[in-house]
Amino acid sequence: MKVSIVGTGYVGLTTGSLLAAAGNKVYCIDVDPKKIDIIKEGKAHFYEPGLDEFVNKAISSKNLIPTLDYKEAIPNSEIAIISVGTPTNPDGSLDLSYVFSAAESIIKHMQNGLIIVQKSTVPVGTGREIMKMIEKSGKKASVVSCPEFLSEGSAVFDTFNLDRLVVGSDNKKAMTEVVGLFKSLDQFSKTLDLSKYKEFSEIYKKKTKLNTDIPFEERVLYLGLESAEMVKITANAYLATKISFANSIARICDKVGADSSEVMEGIGRDQRIGRDFLYPGLGWGGGCFPKDTSGLLFLANENGLNFAQLQATISINESQSDYVAAKIQGALNGDLKNRKIGILGLSYKPGTNDTRESPAVKLANKLIKKGAEVTVFDPEAMEEAKSFLAEKIKLADSAKKIFDGSEAVVLATDWPEFLKLNFKDLKSKTKRAVIIDARNKLDKEELKKIGYTYIGIGR
């Protein structure tokens with residue numbers, strides 16, 4: 001098929017390059033010439049494991065056409081996918097200006113019969129507004145909501161390994177066309193070894209299932225337009241709630257002497273609950289959970305509903321970095337002034353260089369405010385984090401340098417390479433051998449045996 005994708009972020013470029021690699025003709029449209037130039041070189045302009053392989057394949061085959069020009073792309077497309085950012089407004093609502101700007105440009109250049117697919121996370125009613133824009137133009141087009149469910153760090157694997165494809169519209173024929181487009185990804189996936197791309201998909205899941213074994217048609221959900229718009233924002237709010245719930249239980253475990261990791265394993269074996277995302281730690285961040293929880297809360301408030309549970313989910317997460325900072329302060333005899341603290345990790349989770357709303361960055365900044373001397377390292381996110389970090393924070397050039405003269409080292413992002421560090425040898429570099437495992441991923445007993453003071457989250 002011939003497709004245009006507006007926006008070349010995690011969702012847009014991943015979807016576009018994989019569709020192109022699968023044999024579709026895909027125009028990737030962006031307003032940023034630097035991003036387009038990088039894509040033309042066969043690379044992604046952000047870190048995403050495995051993605052460069054498919055961008056390069058798609059560019060080499062000439063199936064992926066990066067462009068700044070709607071006029072080049074839209075008239076030649078059967079489907080136009082909107083995949084632009086929807087940042088949060090100060091009041092918690094989502095800023096839809098990029099979505100409506102993209103829709104306006106698409107409508108201006110489209111031929112009658114185009115299918116406009118909304119893939120950006122948007123509040124209910126956005127699709128209807130785009131339909132009004134089309135009607136006002138006098139042209140004919142269909143609108144389909146097709147929310148994405150990929151995760152940063154495992155975007156390639158998630159796109160190929162769909163557990164469900166949600167499509168919502170008033171037009172059944174348009175939905176069928178969109179399903180046909182994404183079926184090409186499923187067919188292409190059967191020629192690949194997907195295990196190559198799933199390393200980061202299992203960090204917060206007990207075990208990743210291969211959904212490609214299930215017939216594609218059984219994974220498709222045909223919904224109403226409004227229902228489809230609600231699915232993604234609701235899914236993210238629920239997952240965020242699981243994490244905040246786990247952190248609340250961890251705080252109780254700290255008081256009563258239980259091990260939160262063992263507790264989560266015990267309840268996660270219940271199939272009605274599930275183990276996924278029940279991981280106490282530093283909290284959630286990134287570009288989706290913060291804005292989707294605040295957006296859903298805004299929607300509830302706007303409709304006169306008291307969503308106290310979601311408000312609690314957000315409040316618990318906002319206070320989690322304070323909770324961890326207090327643990328660090330307690331480990332250093334209640335005083336953080338001039339104490340040397342090393343932080344391993346800056347991205348909001350492993351497998352990405354995204355530092356938006358990163359709890360690791362929040363913790364680093366809070367420790368600086370309390371007078372600590374903070375040094376940080378991340379294998380992928382150093383450059384991206386600079387604009388979010390306090391000026392006094394020092395940047396290390398390796399994980400090992402974090403231990404030099406440190407009085408406490410914090411595992412803030414659970415990159416696999418951090419878990420493999422030789423903590424025995426690194427102990428001699430520290431001033432005080434204190435480990436704060438803010439992700440509950442290190443071997444507690446082994447570290448204590450080496451001679452570290454180990455402090456976990458509810459452990």
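Just the heavy atoms: all of them, side chains too, but no hydrogens, waters or symmetry mates, feed the values below. Remember, predicted model here, so these are calculated numbers, not experimental data.
For Asn76, the side-chain contact (heavy atoms from CB on, under 4.5 Å) criterion is met by Tyr27, not counting sequence neighbours. By the side chain to side chain donor-acceptor pair (under 3.5 Å) test, His45 pairs with Thr8, sequence neighbours left out. With sequence neighbours excluded, no residue satisfies salt bridge (Lys or Arg N to Asp or Glu O under 4.0 Å) with Lys57. Annotation: side chain to side chain donor-acceptor pair (under 3.5 Å) contacts of Lys139 (sequence neighbours excluded): none. Remark: Asn306 pairs with no residue by the side chain to side chain donor-acceptor pair (under 3.5 Å) rule, at least two apart or across chains. Glu78 meets the salt bridge (Lys or Arg N to Asp or Glu O under 4.0 Å) test with no other residue; sequence neighbours excluded. Partners of Asn353 by side chain to side chain donor-acceptor pair (under 3.5 Å), not counting sequence neighbours, listed by chain and number: Tyr10, Glu384. Residues satisfying the side-chain contact (heavy atoms from CB on, under 4.5 Å) test with Pro49, not counting sequence neighbours, are Tyr47, Phe200. A search for salt bridge (Lys or Arg N to Asp or Glu O under 4.0 Å) contacts involving Glu129 returns Lys132, not counting sequence neighbours.
Residue pairs meeting the side-chain hydrogen bond (donor to acceptor under 3.5 Å, both in side chains) criterion with at least one member in residues 315-325, sequence neighbours excluded, are Asn247-Gln320, Arg251-Ser319, Arg251-Gln320, Asp254-Tyr323, Trp284-Asn317, Gln311-Ser315, Ser321-Lys366, Asp322-Lys366. Among pairs with a residue in residues 221-230, those fulfilling side-chain hydrogen bond (donor to acceptor under 3.5 Å, both in side chains) read Arg128-Glu226, at least two apart in sequence or across chains. Sorted by first then second residue, the side-chain hydrogen bond (donor to acceptor under 3.5 Å, both in side chains) pairs that include residues 295-305, not counting sequence neighbours, number zero.
With hydrogens and angles ignored, the 3.5 Å screen pairs a side-chain donor or acceptor of Ser83 with a backbone N or O of Gly12. In this structure, Lys190 contributes its side chain and Thr212 its backbone to a donor-acceptor pair below 3.5 Å. Judged by distance alone, the side chain of Asp378 and the main-chain N or O of Ser347 form a donor-acceptor pair under 3.5 Å. In this structure a side-chain-to-backbone donor-acceptor pair under 3.5 Å is present from Thr293 to Pro290. Counting only distance, with no hydrogens or angles, the side chain of Asp292 and the backbone of Ile233 share no donor-acceptor pair below 3.5 Å. Although no hydrogens or angles enter the test, the distance criterion places a donor-acceptor pair under 3.5 Å between the side chain of Ser105 and the main chain of Ser101. With hydrogens and angles ignored, the 3.5 Å screen pairs a side-chain donor or acceptor of Asp158 with a backbone N or O of Ser151. Judged purely by atom type and a 3.5 angstrom limit, Asn440 uses its side chain to pair as donor or acceptor with the backbone of Ile457. Proximity of a side-chain donor or acceptor of Asn211 to a complementary backbone N or O of Asn161 within less than 3.5 Å is detected. Under a 3.5 Å cut-off, the side chain of Ser120 and the backbone N or O of Val122 do not form any donor-acceptor pair.
To the nearest 0.5 Å, atom CD1 of residue Ile65 and atom NZ of residue Lys25 are 4.5 Å apart. The line from OG1 of Thr159 to OH of Tyr197 is 12.0 Å long, rounded to the nearest 0.5 Å. One finds the CG atom of Asn112 at 10.5 Å from the CD1 atom of Ile134 (value rounded to the nearest 0.5 Å). Between the CD1 atom in Ile29 and the OG atom in Ser4 there is a gap of 4.5 Å [rounded to 0.5 Å]. Between atom OG of residue Ser358 and atom CG of residue Leu389 there is a gap of 9.0 Å, rounded to the nearest 0.5 Å. The line from SG of Cys28 to CG of Leu68 is 12.0 Å long, rounded to the nearest 0.5 Å.
Proximity of Leu64 to Ile39: side-chain heavy atoms (C-beta onward) are separated by under 4.5 Å at one or more points. Inter-residue side-chain proximity for Phe100 and Thr126 is flagged as met; some heavy-atom pair is nearer than 4.5 Å. Phe418 places a side-chain heavy atom less than 4.5 Å from the side chain of Phe377. Using a 4.5 Å heavy-atom cutoff, the side chains of Tyr204 and Ile243 are not in contact.
Just one residue in the list Asp163, Ile214, Leu165 forms a side chain to side chain contact (heavy atoms under 4.5 Å, CB included) with Arg219, and that residue is Ile214. Between Val6 and the choices Ile106, Asp30, Ile81, the side chain to side chain contact (heavy atoms under 4.5 Å, CB included) rule is met once, by Ile106.
Of the N and O atoms on the side chains of Glu72 and Thr67, at least one donor lies less than 3.5 Å from an acceptor on the other residue. Side-chain contact, Tyr279 with Asp414: no donor N or O sits under 3.5 Å from an acceptor N or O. Thr86 and Lys291 form a side-chain donor-acceptor contact under 3.5 Å, judged by distance and modelled atom types alone. Judged by distance alone, the side chains of Asn24 and Ser184 do bring a donor and an acceptor atom under 3.5 Å apart. Side-chain contact check for Ser201 and Ser154: no donor-acceptor pair (N or O, by modelled atom type) lies under 3.5 Å. Between the side chains of Asp91 and Ser93, at least one donor N or O sits under 3.5 Å from an acceptor N or O.
Between Glu104 and Lys108 there is no salt bridge, since no side-chain nitrogen of the basic residue lies less than 4.0 Å from a carboxylate oxygen of the acidic one. Checked for salt-bridge contact, Glu152 and Lys349 miss the test: no charged N lies under 4.0 Å from a carboxylate O. Between Asp270 and Arg272, at least one side-chain nitrogen of the basic residue sits less than 4.0 Å from a carboxylate oxygen of the acidic one, meeting the salt-bridge criterion. A salt bridge is defined here as a Lys NZ or Arg NE, NH1 or NH2 lying under 4.0 Å from an Asp or Glu carboxylate O, and Asp52 with Lys43 fails to meet this definition. A salt bridge links Glu202 with Lys198: at least one charged nitrogen is closer than 4.0 Å to a carboxylate oxygen. Salt-bridge annotation for Asp32 and Lys34: absent, with no side-chain N of the basic residue lying under 4.0 Å from a carboxylate O of the acidic one. Salt-bridge annotation for Asp437 and Lys441: absent, with no side-chain N of the basic residue lying under 4.0 Å from a carboxylate O of the acidic one.
For OH of Tyr98, the number of neighbouring non-hydrogen atoms (other residues, nucleotides, ligands) closer than 6.0 Å is 12 at most. Atom CD of Glu217 has more than 12 heavy atoms from other residues, nucleotides or ligands within 6.0 Å.
For Phe289 and Tyr238, the gap between ring centers reaches or exceeds 6.0 Å.
Across all non-hydrogen atoms, the minimal contact from Val263 to Cys253 is CG2-SG, 4.0 Å.
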Next on the checklist: side-chain hydrogen bond (donor to acceptor under 3.5 Å, both in side chains) for Thr313 and Ser244? Distances and angles first, verdict last.
Outcome noted: CA-CA 6 Å; Thr313 291; Ser244 287; 4.9 Å; no

Checklist entry - Between Asp193 and Ser195, is a side-chain hydrogen bond (donor to acceptor under 3.5 Å, both in side chains) present by the stated rule, with each step listed? => result CA-CA 5 Å; Asp193 177 9; Ser195 64; 2.5 Å; yes

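The aromatic rings of Phe54 and Phe188 lie perpendicular to each other, with more than 60° between the two planes, well past the 30° mark.
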